[in-house]
Amino acid sequence: MSDLGIYIHVPFCGKKCGYCDFYSLKYSRDSAEGYVQAVLRNIDHYGDSASAVDTIYFGGGTPSLLFPEQLSLIIERIRERFTVNEDCEITLEANPSGLTPERLCKLRKTGINRLSIGVQSMIDSELGFLGRSHNSARVERTVLDAAEAGFENISCDLMLAVPEQTISSLEISAIRLASLPIKHISAYILKVEAGTPFDCDEIRSVVPDDETSADFYLHAVSVLEGLGFRQYEVSNFAVPGYESRHNCRYWQCRDYIGIGPSAHSCFGGKRFASESSLEKFICSDVQPVYITDDSPCGFEEYAMLRLRLREGLDLRNIGERRDFLEKKLPPLISSGYINFDGDIISLTPKGFLMSNSVIEHLIF
Amino acid sequence: MANEKIRNFCIIAHIDHGKSTLADRILEKTETVAIRDMEEQLLDNMDIERERGITIKARAVRLKYTASDGEDYIFNLIDTPGHVDFNYEVSRSLAACEGAILVVDASQGIEAQTLANTYLAIEHDLEVVPVVNKIDLPSADPERVCNEVENIIGIPAMDAPRISAKMGTNIEAVLESVVTGIPAPTGDTQKPLKALIFDSYYDSYKGVIIYVRVKEGTVKIGDSIRLMATGAVFTVVEAGFMDATNLINSGTLEAGEVGYIAASIKSIGDTQVGDTVTNNDNPCDEPLPGYRKVNPMVFSGIYPADGAKYGDLREALEKLQLNDASLSFEPETSVALGFGFRCGFLGLLHMEIIQERLEREYNLDLITTAPSVIYKVTMTSGEVVYIDNPTNFPDPALIQTAEEPMVKADILSPSEFVGNIMELCQDRRGTFKDMQYLDDTRVNLHYELPLNEIVYDFFDVLKSRTKGYASFDYEMLGYVPSKLVKLDILLNGDVVDALSFIIHTDKAYGRARKIAEKLKENIPRQLFEVPIQAAIGGKIIARETVKAMRKDVLAKCYGGDITRKKKLLEKQKEGKKRMRQLGTVEVPQEAFMSVLKLDT
């Protein structure tokens with residue numbers, strides 16, 4: 001039996017964040033209902049009892065805007081159409097606002113066993129700048145309530161290189177988060193994406209430059225490691241054993257099906273993506289998709305994805321290309337970008353920061 | 001047409017004194033061009049000439065003029081460049097003429113190129129007819145300028161027409177002085193053909209078109225002609241003259257006339273400017289003297305930015321050379337830049353023009369190395385070598401003496417800037433010779449300067465230190481011994497051959513520091529830090545470091561969308577193609593260019 005991950009893209013937000021460039025629209029009850037029905041049809045379409053579903057991931061958008069009953073319907077349908085492993089990791093991305101104790105209890109009952117909470121910062125002025133509707137006190141209460149409701153595996157997002165952030169305010173955010181009952185932290189460097197509301201001179205002029213961002217990142221890595229969160233990917237840190245199984249699929253070239261407008265899939269020997277249109281998604285029997293790669297997981301892609309992981313790229317798995325790569329290692333090693341134990345190449349934190357260039361240098 | 005009704009002349013002037021504008025007015029006045037077809041700088045038909053307001057190529061055009069004596073005259077007007085770099089074009093044109101109109105700006109007076117061009121004309125035994133232009137300017141002082149012409153050049157000027165080419169004032173007086181002041185050509189139409197090639201260009205339909213001045217005899221369609229230097233024989237397909245915009249195939253050309261010949265000449269190599277055309281069946285005894293051969297003085301490597309365009313570059317250079325005999329080139333290779341050509345130019349403007357034409361007319365993306373002059377090196381073995389590429393500069397231990405070319409420079413300027421000019425020339429290792437007052441306020445400074453000090457940016461700096469007032473001209477003096485060294489630039493420990501150059505010891509440190517700084521500005525931060533060093537022999541005399549880049553990461557692989565990351569890597573790979581990969585260092589084209597302009 002082949003294993004599989006399922007990603008459900010929930011394209012609704014109460015309010016769009018200025019830095020976000022994902023496909024999402026203003027939430028409305030009607031379109032959410034139409035959306036859920038379309039998700040169910042697609043599950044029927046892709047359903048295959050010969051696939052063992054190991055991870056389910058509700059991403060967005062703000063998936064916690066869906067009612068627990070709607071999420072439950074979707075999870076149940078997946079259980080009907082696929083074989084879902086007993087210890088399946090089921091993640092919900094959620095905003096602190098709206099997560100009342102009652103809501104959390106209902107969510108836990110749907111089978112969701114992992115929460116990824118969009119915290120971003122534990123400093124209220126930084127949250128204000130990012131336009132988030134919660135404050136740090138609200139985050140603490142939500143996490144404690146979630147633990148109370150039975151969520152044992154909680155992840156929080158932490159944003160790095162936010163305007164006005166300092167090394168010490170970053171430390172405070174990290175320490176306050178680590179003091180909560182969480183197992184995982186995703187720490188992303190703020191990036192101003194083209195076409196987002198942040199993409200203007202006013203914001204760009206206050207966003208820390210690359211040099212400062214690099215300092216924040218390296219500091220975050222060492223603080224989080226010190227707090228027991230081990231870095232296992234460019235931007236991800238976890239108490240050992242709590243690494244996100246779903247996200248690891250992406251980096252290990254394992255199969256996943258994405259359902260929802262703009263969702264990406266790697267399945268059946270192809271990479272494909274669903275069109276970024278809620279309307280089309282709701283109106284179609286099966287989501288319209290386009291192929292992005294019809295022979296994925298070749299050497300370049302494999303190496304590129306593996307090198308995002310701390311476990312790195314094992315040269316014993318790349319056959320004749322080993323010599324080609326090995327010749328390129330010495331300057332990377334002496335510059336402190338990679339570690340090499342004779343077989344496995346893995347990037348250091350400094351190397352992760354330069355991963356685009358390092359990977360390009362290695363594989364092209 | 002009897003010879004006494006022909007006038008062959010050119011117009012000479014300092015740049016910006018109104019030569020092309022006067023040519024425009026003459027074309028209008030003689031109704032050579034219909035008013036509706038008239039446009040400014042009509043004879044300058046290269047885009048680059050119009051944009052820069054300069055003439056690069058000589059042009060010949062036939063005009064008809066009815067003089068005040070009631071007779072019709074044929075004028076052959078040859079428009080010539082003014083800039084010092086293009087003197088060879090001037091001298092070629094002069095050989096086709098009996099006279100020259102000397103245009104002098106009524107507000108500026110005589111400038112360096114006025115002198116240089118006039119002396120050239122006198123050397124060619126031409127009658128010089130002075131004209132004072134721009135009398136409409138408030139600052140015009142025609143009286144003073146006429147005095148200058150008489151005192152400095154020594155030709156009568158008190159009766160010189162005072163005109164405004166821009167306003168069209170008094171143009172008839174110019175035409176009349178052409179009739180009266182310039183002699184008719186001589187020559188016998190019955191003698192064997194003897195015609196001077198003074199220019200040529202390639203036409204993709206007709207083959208090579210040669211511009212000739214017929215000195216003796218007649219040439220007509222169907223004649224078998226021989227180019228005496230190469231011995232090549234062709235049959236004349238067209239013979240005629242040029243009006244302002246077209247070739248007019250009149251079928252024949254006679255002694256005294258200026259015109260063109262088309263003879264299905266395919267190969268550029270067969271037509272040498274300065275060669276003599278004769279009749280193959282009835283040849284003349286001996287060829288005309290031809291021209292003093294012009295030697296390139298400034299050299300630089302020209303490389304295609306995209307190595308695959310090497311063949312295109314060669315083709316483009318060959319075509320340009322057809323119209324510009326002074327351009328020389330030969331293949332060379334560089335470790336840093338790949339395959340390209342070492343090109344010889346008459347000066348820096350010439351070099352810029354050629355580069356610009358290659359890029360514009362042939363759509364090529366180029367990398368150019370720093371200009372170099374030719375150094376003369378006597379080896380300890382006694383052998384003498386000439387070095388036009390710094391890479392080939394011998395090991396100092398093997399050099400007995402090294403010599404560099406010197407020029408004699410004339411700098412004309414208002415006297416208030418003398419201090420600035422002397423400072424500049426001092427800085428450029430110049431030797432002061434003397435200074436003459438042209439009048440109460442203007443001086444002519446004579447300096448001897450090393451050519452390699454003026455090939456970079458001397459003229460630009462001179463202009464900026466004299467508020468644009470100074471003018472400058474130079475002629476070669478020959479070689480003098482000099483303390484020369486080769487300065488190498490190392491990136492990440494490796495010598496980049498394309499950045500090496502030869503320099504006087506005293507200037508090496510300053511220039512090395514500047515180059516290192518410029519490179520640091522122009523080499524982007526990359527994966528590895530890039531040490532930049534400047535060295536003489538094994539000794540490092542300047543260093544800078546481009547620090548390694550700190551952050552180049554796509555933090556998220558959202559929802560399994562890895563297409564973004566792949567695209568990013570592809571884009572990066574694409575970007576690299578625009579860089580030169582030297583070892584582990586990526587060097588953008590701009591970095592090579594930036595070291596050419598250190599002082600501006």
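First the proteins, then the strands, lettered A, B, ... as listed; each starts at 1.
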For A:Ser355, is it the side chain, the backbone, both, or neither that has a heavy atom closer than 4.5 Å to a heavy atom of chain B? both
Using non-hydrogen atoms only, which part of A:Arg249 is less than 4.5 Å away from chain B: side chain, backbone, both, or neither? neither
Do you know which of A:Gly60, A:Ala214, A:Pro296 has the most heavy-atom pairs under 4.5 Å to chain B? A:Ala214
Can you tell me which portion of A:Tyr57 sits under 4.5 Å from chain B's heavy atoms? Options are side chain, backbone, both or neither. neither
Nearest 0.5 Å, please: how far is CD in A:Glu211 from NZ in B:Lys547? 5.5 Å
Taking OH in B:Tyr310 as the centre, count heavy atoms belonging to other residues, nucleotides or ligands within less than 6.0 Å. Is the count above 12? yes
Enter the distance from A:Ser335:OG to B:Leu527:CG here, rounded to the nearest 0.5 Å. 6.5 Å
Contact check, side chains of A:Arg271 and B:Ile562, non-hydrogen atoms, under 4.5 Å: yes
Report the distance from atom SG of A:Cys266 to atom CG of B:Asp561, rounding to the nearest 0.5 Å. 12.0 Å
B:Asn363, CG atom: more than 12 neighbouring heavy atoms under 6.0 Å: no
Look up atom CD1 in A:Ile359 and atom CG in B:Asp552, then write down how far apart they are to the nearest 0.5 Å. 9.5 Å
Interchain contact, A:Asp215 with chain B, by part (heavy-atom threshold 4.5 Å): both
Do you know the tightest heavy-atom contact between A:Pro331 and B:Phe528? O-CE2, 3.4 Å
How far does CE of B:Met549 sit from CG of A:Leu353, to the nearest 0.5 angstrom? 11.5 Å
Side-chain touch B:Val553/A:Tyr217, heavy atoms, less than 4.5 angstrom: no
Given that the side chain runs from C-beta out, which part of A:Leu218 has a heavy atom under 4.5 Å from chain B: side chain, backbone, both or neither? side chain
Are there more than 12 heavy atoms of other residues, nucleotides or ligands under 6.0 Å from atom NZ of B:Lys486? yes
Quick one: closest heavy-atom pair of A:Met354 and B:Lys551, and the distance? SD-N, 3.6 Å
Quick one: which of A:Val234, A:Asn356, A:Ile189 gives a side chain to side chain contact (heavy atoms under 4.5 Å, CB included) with B:Leu554? A:Asn356
